[in-house]
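First the structure, in the form of structure tokens, and then the observations on it.
Basis for what follows: all heavy atoms, side chains included, without hydrogens, waters or symmetry-related copies. The structure displayed is predicted, hence computed values, not measured ones. Residue numbering restarts at 1 for every chain, and letters A, B, ... go by the order of the sequence lines.
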Amino acid sequence: PAPAAAASVAAVTVAVAAPPAAPTPAPVAAPAVPSTSASPSSSAAVNTLFSMEEEELSSDQIQCKEALRAGKRLLKEKNGAAAMVRFEKALMLSKALADKVQERRAQRGLAASCRLTHQYRQAIKHLERVLEISREIGEYTGDADAYGTMADCYTDMGEFEKAAVYYDKYIERMNRDGPI
Amino acid sequence: PAPAAAASVAAVTVAVAAPPAAPTPAPVAAPAVPSTSASPSSSAAVNTLFSMEEEELSSDQIQCKEALRAGKRLLKEKNGAAAMVRFEKALMLSKALADKVQERRAQRGLAASCRLTHQYRQAIKHLERVLEISREIGEYTGDADAYGTMADCYTDMGEFEKAAVYYDKYIERMNRDGPI
Amino acid sequence: LETVPTIKALRSKAEAIRAAEFEKAVSRLGDGLSKKQLKAVEELSKGIVNKLLHGPMTALRCDGTDPEAVGQTLSNMEALERMFQLSQVDVTAMAGKQ
Amino acid sequence: LETVPTIKALRSKAEAIRAAEFEKAVSRLGDGLSKKQLKAVEELSKGIVNKLLHGPMTALRCDGTDPEAVGQTLSNMEALERMFQLSQVDVTAMAGKQ
């Protein structure tokens with residue numbers, strides 16, 4: 001999932017959803033985000049068109065935030081499977097928006113969901129993407145956490161050598177000052 | 001320093017400062033608290049009379065808060081002697097107001113000032129009063145801290161037996177939940 | 001490598017404490033906080049835990065070349081498991097309990 | 001009683017970390033907080049430290065009657081002084097450094 005690809009996906013989606021003859025600036029009601037949505041990416045893209053000009057946040061952005069929030073709540077309730085669905089939605093939306101900060105949140109949520117459902121390899125993959133995004137945006141908040149959680153996953157799988165490598169990275173970073 | 005005494009001091013101060021024939025509700029300007037004040041208790045008591053009805057906070061209350069704030073700032077600058085003057089002022093005002101919460105803050109500040117100036121016995125006395133006030137008002141936030149600091153003082157004086165007793169009280173309280 | 005489960009157990013224990021205190025604080029803070037402020041409070045809670053655990057965590061990690069260092073790491077591990085009662089947290093940790 | 005200076009040193013170290021992180025958070029939070037909210041944030045920082053240190057502190061306290069318990073307390077003390085580098089904080093503590 002290279003950043004360029006994510007950006008072009010967003011461009012294409014918007015282009016498809018935006019027929020040139022649609023200048024209706026109808027006052028669309030602020031979307032009371034639906035708690036269940038069959039096909040999030042397509043419906044979200046359509047909403048984008050209308051809300052872009054009026055709202056400070058686009059419908060996609062609102063839906064993405066909403067999905068992240070719902071995912072976090074489900075994580076707290078230890079419902080990994082349901083949380084994963086929310087974070088998948090947030091991931092797609094954040095990619096469509098080319099919003100790396102939100103994508104990182106979605107990836108973190110997916111990692112946590114995978115851990116809850118004992119999919120440790122998958123969790124590690126999401127956390128690797130978290131670290132990748134940190135490098136891309138030059139903002140490393142939570143990287144110590146990510147390394148620590150990857151090590152926890154390796155520990156859970158009994159791969160102590162790998163775990164030790166990642167705990168070392170975690171320990172190296174945990175004493176650093178975060179952003180001021 | 002029994003609570004009854006503090007309350008009666010406040011009553012007396014107010015009575016003295018309040019001649020019965022003084023119903024002037026003149027719009028006193030909100031006091032821009034002076035940073036230095038020669039005789040805090042008497043001048044404050046007079047101010048009380050005028051500001052009580054108009055201000056949400058009386059002048060005494062404002063001056064007390066201001067003295068506490070100044071004291072804390074001086075503590076941060078490690079200026080124990082100057083901090084002590086502020087907290088003494090706050091202590092007198094809080095007693096005049098019969099405001100136990102503020103008095104407890106003043107006593108804490110005095111204890112910290114005494115520690116900075118190596119007056120450990122005096123610091124312990126102020127902390128004993130802190131614990132006493134907690135019992136009086138039935139609100140125990142910071143008591144673990146107070147016991148720990150008393151123990152630190154005994155440690156600094158080389159009285160390890162006493163220190164151990166107070167560390168035990170500290171440890172016993174540190175795992176309790178504070179007020180929700 | 002014997003210390004790996006201990007590191008995980010200590011992390012879990014600390015995170016449980018942090019999360020509980022953070023939730024308590026959030027309920028006391030009410031809705032008056034912006035997202036950014038809430039983030040700052042969360043960072044505070046994580047910062048304290050990370051800085052406080054850095055020493056013990058470092059003490060649990062050492063490469064297993066120097067036999068003396070290994071011995072010390074193991075005794076650190078035992079002390080931490082006793083002190084933080086980690087044997088209850090992680091079944092793979094075999095610590096002596098009080 | 002040998003552990004008394006260690007308790008003080010550990011308290012000092014933890015309080016220094018807490019105060020620094022709290023100050024950092026306050027500067028990030030800005031003036032938008034009420035006194036009450038600021039108090040809640042401070043309580044959060046103190047709550048985490050207290051709950052996290054409760055185990056190690058308890059491990060430093062035991063009455064000196066049972067010789068085995070005394071030995072364990074002393075070894076806890078040595079481990080804590082190593083891990084938190086307390087010998088730098090308190091001169092009266094005589095800890096082995098790495």
Side-chain angles (χ1 to χ4, degrees), chain B residues 56-57 61-62 64-66 68-69 72-73 75-78 101-102 104-105 108 111-112 115-116 120 123-124 127 139-180, chain D residues 1-16 18-20 22-24 26-27 31 34-65 69-70 73 76-77 80 86 89-94:
Chain B
E56 211 185 317
L57 291 180
Q61 286 175 311
I62 291 168
C64 183
K65 274 169 190 277
E66 197 50 51
L68 287 171
R69 194 173 309 150
K72 277 187 194 166
R73 187 171 39 73
L75 273 187
K76 229 178 255 172
E77 296 165 5
K78 305 285 169 205
V101 174
Q102 300 293 58
R104 191 169 60 173
R105 288 193 184 127
R108 278 209 184 93
R115 273 194 88 191
L116 268 182
Y120 300 117
I124 289 167
L127 291 166
E139 205 285 309
Y140 303 90
T141 313
D143 273 16
D145 253 358
Y147 282 116
T149 309
M150 287 169 84
D152 286 348
C153 289
Y154 284 118
T155 306
D156 285 330
M157 294 190 292
E159 298 180 23
F160 287 6
E161 290 85 358
K162 277 243 167 185
V165 171
Y166 282 92
Y167 279 135
D168 283 346
K169 290 174 195 280
Y170 154 71
I171 291 165
E172 192 196 317
R173 276 158 188 81
M174 70 193 293
N175 207 27
R176 286 191 201 161
D177 275 327
I180 291 166
Chain D
L1 293 180
E2 297 90 331
T3 60
V4 159
T6 308
I7 297 178
K8 184 181 168 230
L10 183 51
R11 268 173 53 78
S12 303
K13 170 121 192 180
E15 172 58 19
R18 188 203 66 78
F22 178 66
E23 286 303 320
K24 217 164 65 184
V26 167
S27 73
D31 300 327
S34 69
K35 280 238 148 171
K36 210 175 150 188
Q37 287 177 320
L38 207 60
K39 203 81 206 154
V41 174
E42 193 173 12
E43 287 298 317
L44 165 69
S45 68
K46 290 189 174 175
I48 293 173
V49 170
N50 280 345
K51 295 249 167 30
L52 215 47
L53 288 192
H54 183 254
M57 288 293 184
T58 305
L60 285 171
R61 288 295 307 145
C62 81
D63 41 45
T65 45
V70 171
T73 302
N76 287 337
M77 179 183 85
L80 282 171
L86 299 181
V89 180
D90 196 304
V91 274
T92 53
M94 298 159 293

By side chain to side chain donor-acceptor pair (under 3.5 Å) - contacts of D:K36 (at least two apart):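 None.
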Results of side chain to side chain donor-acceptor pair (under 3.5 Å) for B:K169 - residues two or more places apart only: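 Scan of B:K169 (side chain to side chain donor-acceptor pair (under 3.5 Å), adjacent residues dropped) gives none.
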Residue D:E23 versus chain B: region with a heavy atom under 4.5 Å: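 Just the side chain, heavy atoms under 4.5 Å.
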Part of D:L53 within contact of chain B (heavy atom distance under 4.5 Å):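 For D:L53, heavy atoms of backbone and side chain both lie under 4.5 Å from chain B.
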Under 3.5 Å donor-acceptor, D:S34 side chain and D:Q37 backbone: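 It does hold such a pair.
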Short side-chain to backbone donor-acceptor contact, D:T3 and D:L60, under 3.5 Å: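 Here the side-chain-to-backbone pair exists.
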Need one label for [X]: side chain, backbone, both or neither, based on atoms under 4.5 Å from any heavy atom in chain D.
X	answer
B:K162	neither
B:Y154	neither
B:E172	neither

Approximate separation, where rounding is to 0.5 Å, of D:E43 CD and D:K46 NZ: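 Going from the CD atom of D:E43 to the NZ atom of D:K46 covers 6.5 Å.
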